[in-house]
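So the structure is just underneath, and the comments pick up after that.
Ligands are counted one by one from 1 in listed order, and the atoms in each one are counted from 1 as well. These numbers come from the heavy atoms of this one structure, side chains and all, not from hydrogens, waters or symmetry mates.
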Amino acid sequence: MKEAFLQAIPVLNKIESAGYEAYFVGGAVRDFLLGKEIADVDIATSATPEELKSIFSKTLDVGIEHGTVVVLFNGIPYEVTTFRTEAEYLDFRRPSEVQFIRSLEEDLKRRDFTMNAIAMDRHGKFIDPFGGKKAIEERVIRTVGNPDERFTEDALRMMRAVRFYSQLSFEIEKSTYEALSSLAHLLEKIAVERKLAEFEKLLAGWNRMMALKIIGETGLYKYLPQMSAFQKQLCSSANYHAEGLTGEEMWGLLTCLFDIDQAGAESFFKSWKLPVKKTRKILSILKWIRYRSDNEWDAYSLYQAGRESLLSAEKIRNVLQHTDLKRNTDNLMELYNTLPIKQRSELQLTGNDLMNWFGKPPGAWIKADLEKAENAVLKGELRNSNESIREWLMKCNQNLGKN
Ligand SMILES: Nc1ccn([C@@H]2O[C@H](COP(=O)(O)OP(=O)(O)OP(=O)(O)O)[C@@H](O)[C@H]2O)c(=O)n1
């Protein structure tokens, strides 16, 4: 058993000693069977939240109405959730009422996919009533029972299906896939924040370009922010190979594939509720992609873009043009590395220097002189030393006086 499980066994032992059942469940068990790294270990139990709180001295009520209590054990937080069935899903998002139950199998039955409906006890024995292990072996994403029911219970599960497809490169089983198409409209009711969380995981997956194609083919795209006009582009996204792109670069690539301008991209990211900082970063990358469609890089543009944005812009351009990333970026980095300065702070000149040298009050001239010197240094016309810059600026100003 993996370290993460071994560390948590005393938690199971404690619950069992108090007379209840407790198992590892969900993503950790799935990832363990897949031989992947395990992030968080989740526990399901027959004990109610109140019973859990009497067993453990340190607990936090994070989602007690859904039956989840965080147990702090040896400084590690564990989400422990009481076995439950959701009575009825009135709004396709949240159960109208959570019913705590004492049966593990009933709990597993209400989970989304068979690979996510496997429990493991403290001895490492699997409880797998819906063939989750087989699905993992066969590399199939299949809902537990009727897909219509599972997706109607929580429409976000449709996004989850495609994000697991992206992360795991499993097939989506036929009836599960068909339900994605027939029930896509239910996604409309889901909060953007929840869609975003799944979509970002999708964008980070190995099989992401194929996953985008599925988003297009199934009709899910119609219910994702500002995507309704881009079915064609989504369906042909599998023609592009986006290996090595970061999440931000993937968002940039998407807006390039959709051919939306800078203002359109800003509104697109806003509709997805992307954080402002991230949006700014992507917009900067897009700005340099646009620049590059009409210009070659020169010292000044390389400097202005900065290492990160210029590399990202080139990476995306390479994907769009199906060109060899390494050859292009190697040359570019060579050029970038020859820049005499990489940022303004490296320029051996400050606004205070300028005021001291020329005895003038602050004003727009300072910015102009700084830029003038910066440009000359970048072009290799001027050495980046405070003394050389002073002499050079004095001379420039004298010449200006003459004219
Ligand atoms: N809409 C959902 C969300 C979650 N689950 C169940 O709750 C478990 C935990 O969900 P979550 O932590 O959101 O996802 P993981 O499957 O753990 O995947 P990951 O850790 O990769 O996000 C899932 O495995 C699944 O059994 C579900 O049935 N329906």
Is the Phe199 to Trp251 ring centre distance short of 6.0 Å?
yes

Verify whether one side chain among Thr81 and Thr68 offers a donor that lies under 3.5 Å from an acceptor in the other.
yes

As a check for students: among Arg163, Arg160, Gln167, identify the option with a heavy atom nearest to atom 19 (P) of ligand 1.
Arg163

State plainly whether the residues Arg157 and Glu153 are in salt-bridge range, i.e. N to O under 4.0 Å.
yes

What is the closest protein heavy atom to atom 28 (O) of ligand 1, and at what distance does it sit?
Asp112 N, 2.8 Å

Evaluate Arg30 for polar contact with ligand 1, using N/O atom pairs at a separation under 3.5 Å.
yes

Before signing off on this row, confirm whether Arg194 and ligand 1 have an N or O atom pair separated by under 3.5 Å.
no

Look at Glu248 together with Lys278 and state whether they make a salt bridge at an N to O cut-off of under 4.0 Å.
no

Hey, which atoms in ligand 1 end up nearer than 4.0 Å to a heavy atom of Gly26?
24 (O)

Provide, to 0.1 Å, the distance between atom 12 (O) of ligand 1 and the closest protein heavy atom, together with that atom's residue and name.
Asp42 OD2, 4.3 Å

Hey, is Lys201 one of the residues with a heavy atom under 4.0 angstrom from ligand 1?
yes

According to salt bridge (Lys or Arg N to Asp or Glu O under 4.0 Å), who are the partners of Glu37, at least two apart in sequence or on a separate chain?
none

Please report the interatomic distance CH2(Trp357) to CG(Asp353), rounded to the nearest 0.5 Å.
4.5 Å

Taking only heavy atoms of Asp154 into account, list the atoms of ligand 1 that are under 4.0 Å away from them.
1 (N)

Please list, chain by chain and in numerical order, all residues satisfying side chain to side chain contact (heavy atoms under 4.5 Å, CB included) with Ala4, sequence neighbours excluded.
Ile38, Val41

From Arg111, Arg110, Lys36, Glu198 - option closest to atom 8 (C) of ligand 1 by heavy atom
Arg111

Would you call Glu217-Lys222 a salt bridge at under 4.0 Å N-O?
no

Report the part of Glu153 (side chain from C-beta onward, or backbone N, CA, C, O) that has a heavy atom under 4.0 Å from ligand 1; answer both or neither where that applies.
neither

At what distance is the nearest protein heavy atom to atom 29 (N) of ligand 1, and which residue and atom is it?
Arg157 NE, 2.9 Å

